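All remarks here apply to the structure that follows.
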Protein chains: 2
Amino acid sequence: MSLDQLAGLLADRTRAAFCMALLDGRAWTAGELARHAGVSPSTASEHLSRLVAGGLLAEERQGRHRYVRLANPAAAALIENLAVYASSVAAPAATPGNLRESVRMSAEAQARTCYDHLAGRLGVAVTDAVLARGLVSDDAGFAVTAAGRAWLASQGIDLAALKGSRPLVRSCLDWTERRHHLAGTVGAALCGRALDQRWVERIGTGRALAVTPGGRTAFRELLGLELPARRPGGAE
Amino acid sequence: MSLDQLAGLLADRTRAAFCMALLDGRAWTAGELARHAGVSPSTASEHLSRLVAGGLLAEERQGRHRYVRLANPAAAALIENLAVYASSVAAPAATPGNLRESVRMSAEAQARTCYDHLAGRLGVAVTDAVLARGLVSDDAGFAVTAAGRAWLASQGIDLAALKGSRPLVRSCLDWTERRHHLAGTVGAALCGRALDQRWVERIGTGRALAVTPGGRTAFRELLGLELPARRPGGAE
DNA sequence: GGCACAGTTCGGCGGGCACCGAAGTGTTCG
DNA sequence: CGAACACTTCGGTGCCCGCCGAACTGTGCC
């Protein structure tokens, strides 16, 4: 497959909408994606088949449902990086068309998942905190320090178990905050921990997350973060 | 700009060919790119205008020549990452159509520039050596060690001067070797050093590099690398 | 076993885009 | 100053693709 063929897969507003939705890290059904993108089931079916054949998505059948998800972390990083670069080019993408959309975009700016790690203001704040506390260093590259290794172990995150083909820590540029946040397998593990411990919970079907009261306490105690009480759709 | 619009810029074989050519890090004229891609000057002109307007390329006029280059390192990383992912999907892109193309692809596999850093077997070998010698560590992320800082200083590369918005060290997956090589500002500085000291020199107008006899000596002395004497188009 | 649901396949329709040649503009050189 | 070169603009042509409705298939539930 060539560069223009891969790019062609994403050069359509319906397929692009599917991929952006799937950046929440979850599996969606074909019907859900059709409704999300506002197209008919037949259109969705055809587009999904092309995305699967092209290697960006993976599928799984369960009874009469066809579930699809992003094929792998590299596909997710590709799509996120394209979206970040696109949003940095002048003439920004759509502004909120109505109140509901404005609320959604605000929620996503607060906290959300970026494929498998925390993003939005929460993601940036967590990244600033781990840097400030010396748990991760960016002096000579981006690496977990010895203190960070111990801290992660106290959170049940074993670095040795995370070693693999993906980088342990990677900096991911946030499209809402335009600042970096922690990605890589450590970033994913932290996100998983936050969801498991119910420090954050998902809002609806999008990528938005809400910090729970218990989460506010945990982030204060573990990282010294004072997070605002979240009011749905309201001011900080 | 949205994801599908940005992807649409690359979803055409002519524009994709332009961007791949520009991954050599140099500026090309519109006429050179037209010939490279096998299209007429008018076609090239229109495509280049779209790529510039879309933020992937930057242009500069000099007399009757229009020079274009990749807009910034992020654009280069995007294109390289897309090309790497595309090549990893089954049904590989074009195999060499003739002897000349086979020779060119072989040369690029040996050593080439990947936008601004060394890639190919040379890039991978250099990366393996700096890891083995403890100049860069990947234990807990990708970072230059204290020994590496000193070594780079002995090569006239000052880390403090390299600090900026780009990561110092970044791992870039190589599409010919399918292994990682050193990217980021340190990777770029090393490549610049190798070109300045004439350890490598460019071959023709592509991205291929040849290791010079002086370079073979330098790589052996500095990093313990035994590089084969390069025979154009021949076996190792 | 029949009905409802989820998804697939296929032919038709309309819109958009890549390409080029011709004519033009701007720059450079003899 | 005129010719040559590099590039641009624009109208025309042909091809490709996204979308959908209708008919179909497979699954699940009552």
Side-chain angles (χ1 to χ4, degrees), chain A residues 1-22 26-69 86 91 94 205, chain B residues 1-22 26-69 86 91 94 205:
Chain A
M1 186 181 225
S2 59
L3 168 62
D4 60 300
Q5 288 173 318
L6 180 61
L9 285 178
L10 296 166
D12 173 76
R13 70 172 191 88
T14 298
R15 293 195 295 274
F18 288 179
C19 293
M20 290 302 295
L22 290 164
R26 293 192 274 187
W28 291 50
T29 68
E32 287 169 337
L33 287 167
R35 287 186 287 279
H36 174 79
V39 296
S40 75
S42 52
T43 299
S45 181
E46 288 162 335
H47 282 311
L48 287 175
S49 294
R50 282 184 62 184
L51 288 166
V52 169
L56 282 176
L57 304 189
E59 73 180 320
E60 141 181 25
R61 309 282 177 144
Q62 259 187 29
R64 60 194 184 190
H65 291 292
R66 176 190 198 183
Y67 285 93
V68 288
R69 62 175 73 241
T205 57
Chain B
M1 185 180 227
S2 60
L3 168 62
D4 60 298
Q5 288 172 319
L6 180 62
L9 285 178
L10 296 167
D12 173 76
R13 70 171 193 86
T14 298
R15 293 195 295 274
F18 288 178
C19 292
M20 290 302 295
L22 291 164
R26 295 191 273 188
W28 291 50
T29 66
E32 287 169 336
L33 287 168
R35 285 187 289 278
H36 174 78
V39 296
S40 74
S42 52
T43 299
S45 181
E46 287 161 335
H47 281 311
L48 287 174
S49 295
R50 281 185 60 184
L51 287 165
V52 169
L56 282 176
L57 303 189
E59 71 180 322
E60 141 181 26
R61 309 286 177 140
Q62 258 186 29
R64 60 193 181 194
H65 290 290
R66 177 190 198 185
Y67 285 94
V68 288
R69 63 177 71 243
T205 58

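Each chain gets a letter, A, B and so on, in the order the sequences are listed, and its residues count up from 1. All values reported here derive from a predicted model rather than from experimental measurement.
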Starting at atom [atom1] of [X], determine the distance to atom [atom2] of [N], rounded to an integer number of angstrom.
X: A:Asp4; N: C:dC19; atom1: CG; atom2: C1'; value: 16 Å
X: A:Arg13; N: C:dG15; atom1: CZ; atom2: C1'; value: 14 Å
X: A:Leu51; N: C:dG7; atom1: CG; atom2: P; value: 16 Å
X: B:Glu60; N: D:dC7; atom1: CD; atom2: C1'; value: 16 Å
X: A:Glu59; N: D:dG26; atom1: CD; atom2: P; value: 16 Å
X: A:Leu10; N: D:dC17; atom1: CG; atom2: P; value: 15 Å
X: B:Glu32; N: D:dA6; atom1: CD; atom2: P; value: 10 Å
X: B:Leu48; N: D:dT9; atom1: CG; atom2: C1'; value: 15 Å

Between [options], which nucleotide has the shortest distance from any of its atoms to the side chain of [X]?
X: A:Arg15; options: D:dT8, D:dC19, D:dG18; result: D:dG18
X: A:Arg50; options: C:dC20, D:dC20, D:dG18; result: D:dG18
X: A:Arg64; options: D:dG26, D:dC10, C:dC19; result: D:dG26

Heavy-atom pair with the smallest gap, counting every atom of [X] and [Y]:
X: A:Arg26; Y: A:Arg69; value: O-CB, 4.1 Å
X: A:Thr14; Y: A:Ala37; value: CG2-CB, 4.3 Å
X: B:Arg15; Y: B:Leu9; value: NE-O, 2.5 Å
X: B:Arg66; Y: B:Ser49; value: NH2-OG, 3.4 Å

Check this one for me: any side-chain N or O of [X] less than 4.0 Å away from OP1 or OP2 of [N]?
X: B:Thr14; N: C:dC19; value: yes
X: B:His65; N: D:dC7; value: yes
X: A:Thr43; N: D:dG18; value: no
X: A:Arg61; N: C:dG7; value: no
X: B:His47; N: C:dC19; value: yes
X: B:Arg66; N: D:dA6; value: no
X: A:Ser45; N: C:dT8; value: yes

Inset, instruction - May I ask you to say what B:Ser49 touches in the nucleic acid, namely base, sugar-phosphate or nothing, with a heavy-atom cut-off under 4.0 Å? - result: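 The answer is nothing, as B:Ser49 stays clear of every strand by at least 4.0 Å.
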Legend entry - Residue of the set B:Leu57, B:Leu48, B:Leu33 for which side-chain contact (heavy atoms from CB on, under 4.5 Å) holds with B:Trp28: B:Leu33
Look at the side chain of [X] against the base of [N] and say whether a donor-acceptor pair falls under 3.5 Å; ignore hydrogens and angles.
X: A:Ser42; N: C:dG7; result: no
X: B:Ser40; N: C:dG21; result: no
X: A:Glu46; N: D:dC17; result: no

Legend entry - Separation of A:Leu10 CG from B:Ser2 OG (nearest 0.5 Å): 11.0 Å
